[in-house]
Amino acid sequence: MTIRDQKMQRYEPHTFEAKWQAAWEEAQVFTARHDPARQKYYVLEMFPYPSGRIHMGHVRNYTMGDVVARQKLAAGYSVLHPMGWDAFGMPAENAAMERGGHPKDWTYGNIADMRAQMKPLGLSIDWSREFATCDPEYYGQQQAMFIDMLAAGLVYRKNAVVNWDPVDMTVLANEQVIDGKGWRSGAVVERRELTQWFFRISDYSAELLDALDGLKDWPEKVRLMQKNWIGQSRGLQFAFSTVDAPEGFERLDVYTTRPDTLMGASFAAISPDHPLAKHLERHDPEVAAFVAECRKIGTSEEALEKAEKRGLDTGIRVRHPFDNAWELPVYIANFILMDYGTGAIFGCPAHDQRDLDFARKYGLPVLDVFEPAEGGDPVADEAFVPLKSEPVHYLRGFAGQEIQTGEAAVEAAIAFCEANGVGHGVTNYRLRDWGISRQRYWGCPIPVVHCDTCGVVPERKENLPVCLPDDVTFDIPGNPLDRHPTWRDCACPKCGAPARRETDTMDTFVDSSWYYARFTSPRAATPTNAAEADYWMNVDQYIGGVEHAILHLLYSRFFARAMAKTGHLPQKAIEPFNALFTQGMVTHEIYMTRDEAGRPVYHLPEDVEGGKLKATGEAVEIIPSAKMSKSKKNVVDPVSIIDAFGADTARWFVLSDSPPERDVEWTSAGAEAAFRHLGRVWRIASEIAASDVAANDQDAALEKAVHKAIHEVTQGIEGFAFNKAVAKLYELTNTIQKSGAGTAAKRVAMKTLAQLSAPMVPHLAEDIWAMLGGEGLVAQAPWPKANPALLVDDTVILPIQINGKRRAEIQVPKDMPREEIEALALAEETVAKVLAGQAPKKLIVVPGRIINVVV
RNA sequence: GCCCGCGUGGUGGAAUGGUAGACACAGGGGACUUAAAAUCCCUAGGCGCAUGCCGUGCCGGUUCGAGUCCGGCCGCGGGCACCA
């Protein structure tokens with residue numbers, strides 16, 4: 001072999017990756033075709049926010065989707081694999097505020113950059129269907145649906161609280177509130193009520209809950225999280241009669257999931273947002289001060305739960321429903337949510353830790369309602385809160401048995417109360433209606449007009465889209481739409497009189513709640529096209545991060561139902577995602593040094609070598625495995641990886657080693673190893689292409705290994721165990737390399753390896769395929785089928801355990817009868833020695849698996 | 001605080017309740033080379049001279065048999081309704 005030949009036989013992905021991408025493009029391999037003769041398959045990865053740079057998490061997400069899409073294409077499906085941009089949202093406005101410019105320019109510029117970074121990955125995406133949610137063609141259709149949903153009674157307005165920054169005079173998102181203060185102004189944030197638009201998702205609580213059972217191919221944990229989020233509960237709603245309450249508040253409605261503890265009640269409590277609290281606030285300075293204090297906590301449930309539990313005695317009392325002489329004080333308490341139940345509760349300190357803490361703090365009585373069935377001490381500092389399924393002994397019960405489970409006692413208590421005219425049993429949900437109003441510019445305008453005579457009037461559909469005006473500035477905080485007179489002022493669509501446009505825009509979750517449907521007909525003049533939606537829906541495989549397990553997925557499930565109700569989706573699409581896969585993050589070590597003041601200074605991976613800074617030799621502190629983030633500088637830029645190693649190496653790396661649902665740690669050693677392996681595969685292929693060995697007795701063994709690999713790799717891909725599929729491909733590579741089989745058999749083996757690798761490393765696969773004389777593109781070759789006859793082994797090795805510990809093994813024919821195996825096992829040397837002529841206590845034979853001898 | 005998940009060699013991980021550590025990374029040894037790179041081969045959980053013993057975050061339980069199932073902890077991660 002000459003030096004020139006050696007040079008030619010190197011794996012140089014840059015010489016062919018672009019070539020094969022052009023070949024796919026030329027052959028229109030990935031254009032989704034509505035072909036009624038073929039079964040369709042719709043693969044979708046959660047679309048990205050156009051931040052400007054792709055990161056390894058994207059590479060991992062889209063490579064997984066690509067593996068599925070390419071394998072299904074090879075398996076004969078008509079595949080839809082689209083890509084778009086979740087393009088509205090706060091970062092674009094923040095960029096405009098910080099750096100000047102316009103959110104639109106920033107966003108479209110980022111999209112162009114990210115598309116250019118994604119294309120070299122060689123993803124099998126039908127780019128002809130691409131859109132961004134900030135395209136007027138997209139959000140105009142969203143506005144049309146909003147109008148339809150408004151007409152269908154799915155949308156309404158009500159008051160709701162927001163975070164208000166009193167210095168910047170603007171509404172803040174929860175993430176912009178840090179320790180109760182505005183992120184820019186540092187001012188203490190207030191809760192303020194605004195009239196806002198809501199979707200009636202809570203009307204669908206029961207249905208969204210029940211339908212979870214049908215989502216067989218969703219992760220169990222996601223279904224469980226959604227179930228808990230919807231939060232169905234069975235309880236009693238009843239009214240206390242009040243003593244010394246203001247006029248109009250003669251009754252206080254409360255909801256409880258533990259009516260069986262009614263005889264252990266020691267106080268009632270209402271939310272600071274309860275109408276009674278609001279009434280008292282106006283007349284009582286002490287209440288006003290307390291309620292004002294409560295409103296500083298912020299709007300998130302997390303903040304509320306973590307805040308110190310506090311209350312204020314209103315002086316009002318309520319009568320116990322079963323004893324007119326028994327009066328309970330009414331507190332305003334900062335931990336009661338107005339949105340849940342009736343915004344008022346009764347507290348039973350003995351059997352609820354929060355109530356107990358509250359009672360101890362304010363010197364309220366603690367009455368034990370029940371004790372452990374076997375008896376126990378009265379409650380002291382720890383509430384007695386057994387599982388509802390556990391039987392307990394009732395001391396202050398009033399319905400049902402003396403010893404019964406909490407569940408039974410609750411039902412008995414509800415029945416008793418209903419029979420005695422004290423309230424009624426109700427089923428409640430934790431799920432609240434979906435507030436979509438955002439006091440921001442960069443979002444889909446809510447297409448309604450406020451008219452002094454007609455009230456709130458939807459825009460006429462022929463006037464859609466209601467486009468965002470371009471002439472806006474972000475030099476002062478707040479919503480530029482609010483101070484844009486020529487955009488804001490308009491004519492009422494109904495009476496023509498001067499009117500004002502709604503200046504709130506929609507939550508970006510609305511945008512992402514139907515993009516999957518729009519991909520089925522992305523240029524249609526209506527939100528969807530019935531025939532296309534009918535063919536392509538549902539999404540057969542949806543892939544994205546677990547961080548979307550609740551909100552995005554729940555909103556999408558609701559929105560699909562709302563679209564079906566308004567005629568924009570077929571009924572079969574109300575559960576839009578047949579299968580869901582939630583993938584893990586890409587992590588990396590963090591490299592840190594400290595400055596003179598001891599503050600941490602972070603360093604990029606490319607600036608560090610061998611635990612030291614390349615520039616200065618200073619040792620760095622290594623913090624293991626954390627989610628890649630710009631602020632910690634533990635990021636690896638996919639573009640630089642592709643430049644250094646090619647796209648296939650990046651793709652191969654993110655699929656190997658870690659199971660897809662778990663986090664994967666990016667290491668430069670791993671990336672180099674992936675590159676080396678692909679180089680080896682390429683070299684073995686080129687050696688086979690140049691070799692000429694006659695058929696021989698090793699061909700059969702190689703063929704068997706190939707078919708085993710077909711079976712196992714296919715199983716790995718279909719079961720979303722890409723790391724295992726990769727391991728099997730390593731094994732097959734090793735087998736081919738070591739095999740002394742003839743060239744013909746090796747060519748078949750290598751071509752099959754190319755086909756099995758194509759979903760993961762498509763460029764390399766094409767190159768090998770072409771090298772070995774494969775017909776056409778491997779991307780269009782049918783997926784190989786394993787011959788079942790070649791998958792079974794004639795003999796199996798059975799390990800023998802003695803008392804559960806492995807001591808020996810025997811090799812037996814695959815279908816040897818149990819009795820013969822038993823005899824062989826007992827005759828085995830080690831076993832015979834241990835038994836010493838005695839019969840075993842027990843002999844367990846699991847055919848094809850194991851033998852356990854118990855002595 | 002509440003809901004959900006995860007925890008296995010030096011590292012990433014594999015294992016329908018049935019041989020713990022497949023496959024790979026890093027390491028050690030060797031071959032080839034004037035040398036290096038590249039490549040190839042061998043080795044490899046810990047302890048012990050060894051029959052062997054110990055090992056899947058910790059404690060307990062079920063089972064002939066537990067990484068896997070159950071109960072209780074510890075640690076880490078995700079979500080908590082205006083981040084996307």
Side-chain angles (χ1 to χ4, degrees), chain A residues 6 10 46-49 51 86 88-91 160 162-163 171-177 196 201 219-222 224-229 231 299-307 309 335 339 353-354 430-440 507-509 511-512 545-552 554-555 582 584-585 587 624-627 656-659 661-665 667 669-670 672-674 676-677 679-680 683 721 723-724 726-731 734 737 797-809 840-844 846 848-854:
Chain A
Q6 281 178 346
R10 271 188 36 206
M46 290 180 185
F47 65 165
Y49 179 80
S51 61
D86 189 13
F88 275 135
M90 292 199 307
V162 294
N163 299 305
V171 176
L172 298 179
N174 282 338
E175 73 158 7
Q176 296 173 315
V177 180
Q196 311 213 54
I201 189 173
E220 186 58 43
K221 62 171 173 179
V222 174
L224 189 56
M225 279 191 266
Q226 293 220 349
K227 182 185 169 197
N228 290 336
W229 186 261
T299 57
S300 80
E301 189 169 314
E302 186 189 0
L304 222 55
E305 286 278 346
K306 282 184 178 167
K309 310 291 180 284
F335 55 88
D339 294 313
Q353 191 60 44
R354 196 175 56 184
R430 202 184 76 98
L431 181 64
R432 313 200 287 258
D433 276 336
W434 174 14
I436 60 155
S437 293
R438 297 293 181 271
Q439 295 70 40
R440 275 182 250 288
D507 178 8
T508 56
F509 274 126
D511 313 339
S512 55
V546 245
E547 64 271 24
H548 297 294
I550 296 175
L551 293 180
H552 162 62
L554 192 60
Y555 290 151
T582 55
M585 298 180 297
T587 62
S625 189
K627 180 177 178 168
S656 1
D657 289 355
S658 285
E661 67 275 14
R662 244 195 268 179
D663 294 350
V664 62
E665 166 109 353
T667 61
E672 279 158 27
R676 274 205 306 276
H677 171 73
R680 190 167 136 245
R683 206 174 49 249
N723 57 321
K724 285 187 252 172
V726 164
K728 296 303 173 190
L729 288 170
Y730 269 106
E731 272 179 15
N734 292 342
Q737 187 175 30
I797 292 171
L798 287 182
I800 302 178
Q801 293 183 332
I802 297 171
N803 290 337
K805 282 184 193 269
R806 183 184 174 282
R807 295 294 173 199
E809 62 183 37
K841 235 189 229 163
K842 207 168 178 181
L843 182 60
I844 291 138
V846 184
R849 276 287 170 194
I850 207 164
I851 301 160
N852 192 7
V853 186
V854 185

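Letters go in sequence order (proteins before strands), and every chain restarts at 1.
- Taking the C1' atoms as reference points, B:A66 lies 10 Å from B:G18, given to the whole Å.
- Nearest nucleotide to the A:R438 side chain, out of B:G79, B:G13, B:C82: B:C82.
- Within the 4.0 angstrom heavy-atom criterion, only backbone atoms of the sugar-phosphate kind lie near A:N734; the bases stay farther away.
- Taking atom P on both B:G60 and B:G67, the two are 15 Å apart, rounded to the nearest angstrom.
- B:G46 and B:C2: their C1' atoms are spaced 41 Å apart (whole Å).
- A:K227 places its NZ atom 18 Å from the C1' atom of B:G79, with the value rounded to the nearest Å.
- Comparing the same atom, C1', in B:C74 and in B:G27 gives a spacing of 32 Å after rounding to whole Å.
- Residue-to-nucleotide contacts include no donor-acceptor pair under 3.5 Å from the side chain of A:E301 to the base of B:C80.
- Salt bridge present: A:E301 and A:R430 bring a charged side-chain N and a carboxylate O closer than 4.0 Å.
- Here, B:G61 and B:G55 have their P atoms 15 Å apart, quoted to the whole Å.
- Backbone-only contact: A:E731 has heavy atoms under 4.0 Å from sugar-phosphate atoms and none from a base.
- Nucleotides B:A20 and B:A44 have their C1' atoms positioned 16 Å apart, rounded to a whole Å.
- The number of heavy-atom neighbours closer than 6.0 Å to NZ of A:K309, taken from other residues, nucleotides and ligands shown, is above 12.
- Straight-line distance between the C1' atoms of B:G21 and B:G45: roughly 8 Å, to the nearest whole Å.
- Because its glycosidic torsion is within 90° of 0, B:G9 is reported here as syn.
- Among the nucleotides B:A81, B:G12, B:U16, the one closest to any side-chain atom of A:R849 is B:U16.
- When each of B:G13, B:C4, B:C83 is scored by its nearest atom to the side-chain atoms of A:N174, the top-ranked nucleotide is B:C83.
- Taking atom CD of residue A:E547 and atom C1' of nucleotide B:A84, one finds them 8 Å apart after rounding to whole Å.
- Closest-nucleotide positions on RNA chain B for A:V726 and A:A173 were compared, and the one nearer the 5' end corresponds to A:V726.
- Residue-level contact check: A:K805 touches the backbone only, with heavy atoms under 4.0 Å from sugar-phosphate atoms and none from bases.
- Secondary structure note: stems in RNA chain B built from 3 or more consecutive Watson-Crick or G-U wobble pairs under 3.5 Å occupy B:1-7 with B:74-80, B:10-12 with B:23-25, B:27-31 with B:39-43, B:45-47 with B:52-54, B:57-61 with B:69-73.
- Within 4.0 Å of A:V854, counting heavy atoms only, lie sugar-phosphate atoms of the nucleic acid but no base atom.
- To the nearest angstrom, C1' of B:A22 lies 15 Å from CD1 of A:I797.
- Side-chain atoms of A:N228 lie closest to B:C4 of the nucleotides B:A81, B:A84, B:C4.
- Using a 4.0 Å heavy-atom distance criterion, A:S656 is classed as making no nucleic acid contact.
- Atom P of nucleotide B:C82 and atom NE2 of A:H552 are separated by 15 Å, given to the nearest angstrom.
- Residue A:S437 is in base contact, counting any heavy-atom pair closer than 4.0 Å across all strands shown.
- B:G48 and B:C41 are spaced 32 Å apart, taking the P atom of each and rounding to whole Å.
- Taking only side-chain atoms of A:R676, from C-beta outward, the nucleotide of B:A81, B:A24, B:A26 with the closest atom is B:A26.
- Among the atoms of the strands shown, base atoms are found under 4.0 Å from some heavy atom of A:W229.
- Checking B:C25, B:C4, B:C82 against every side-chain atom of A:A669, the shortest atom distance belongs to B:C25.
- Rounded to whole angstrom, the span from the CZ atom of A:R806 across to the P atom of B:U19 amounts to 10 Å.
- Every side-chain hydrogen bond (donor to acceptor under 3.5 Å, both in side chains) that A:D507 has, sequence neighbours left out, goes to A:W434, A:R438.
- Of the candidates B:C82, B:A81, B:U19, B:C82 carries the atom nearest the A:Q439 side chain, counting heavy atoms from C-beta on.
- Residue A:R430 is classed as a base contact, given a heavy-atom separation below 4.0 Å to a base.
- Atom C1' of nucleotide B:C3 and atom CG of A:L224 are separated by 8 Å, given to the nearest angstrom.
- Using a 4.0 Å heavy-atom criterion, one finds that A:L431 contacts the bases of the nucleic acid, with or without backbone contacts as well.
- Here B:G13 is the nucleotide among B:C40, B:G13, B:C64 with the atom lying nearest to any side-chain atom of A:P659.
- Judged as a ring-ring contact (aromatic ring centres under 6.0 Å, His included), and not counting sequence neighbours, the contacts of A:H548 are A:H552.
- Across all strands shown, A:K306 has heavy atoms under 4.0 Å from base atoms, whether or not it also approaches the sugar-phosphate.
- Counting to the nearest Å, the C1' atom of B:G1 and the CD atom of A:E305 are 5 Å from each other.
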Identify each atom pair where a protein N or O and an N or O of nucleotides 65-70 of chain B are less than 3.5 Å apart, giving names and distance.
none

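- Here the nucleotide nearest the side chain of A:K724, chosen from B:A84, B:A14, B:C82, is B:A14.
- Comparing B:G18, B:G12, B:A84 by their nearest atom to the side chain of A:V846 picks out B:G18.
- Residues forming a side-chain hydrogen bond (donor to acceptor under 3.5 Å, both in side chains) with A:Q353 (at least two apart in sequence, or on another chain): A:D357.
- Separating the CD atom of A:E809 from the P atom of B:G18 is a distance of 18 Å, rounded to the nearest angstrom.
- Residue contacts shown for A:K728 are absent, as no nucleic acid heavy atom lies under 4.0 Å away.
- Side-chain to base pairing of A:Q196 with B:C82: one donor and one acceptor N or O lie within less than 3.5 Å of each other.
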Nucleotide N/O to protein N/O under 3.5 Å, stretch nucleotides 6-11 of chain B:
unit_1 : atom_1 : unit_2 : atom_2 : d
B:G7   : OP1    : A:R662 : NH2    : 3.4

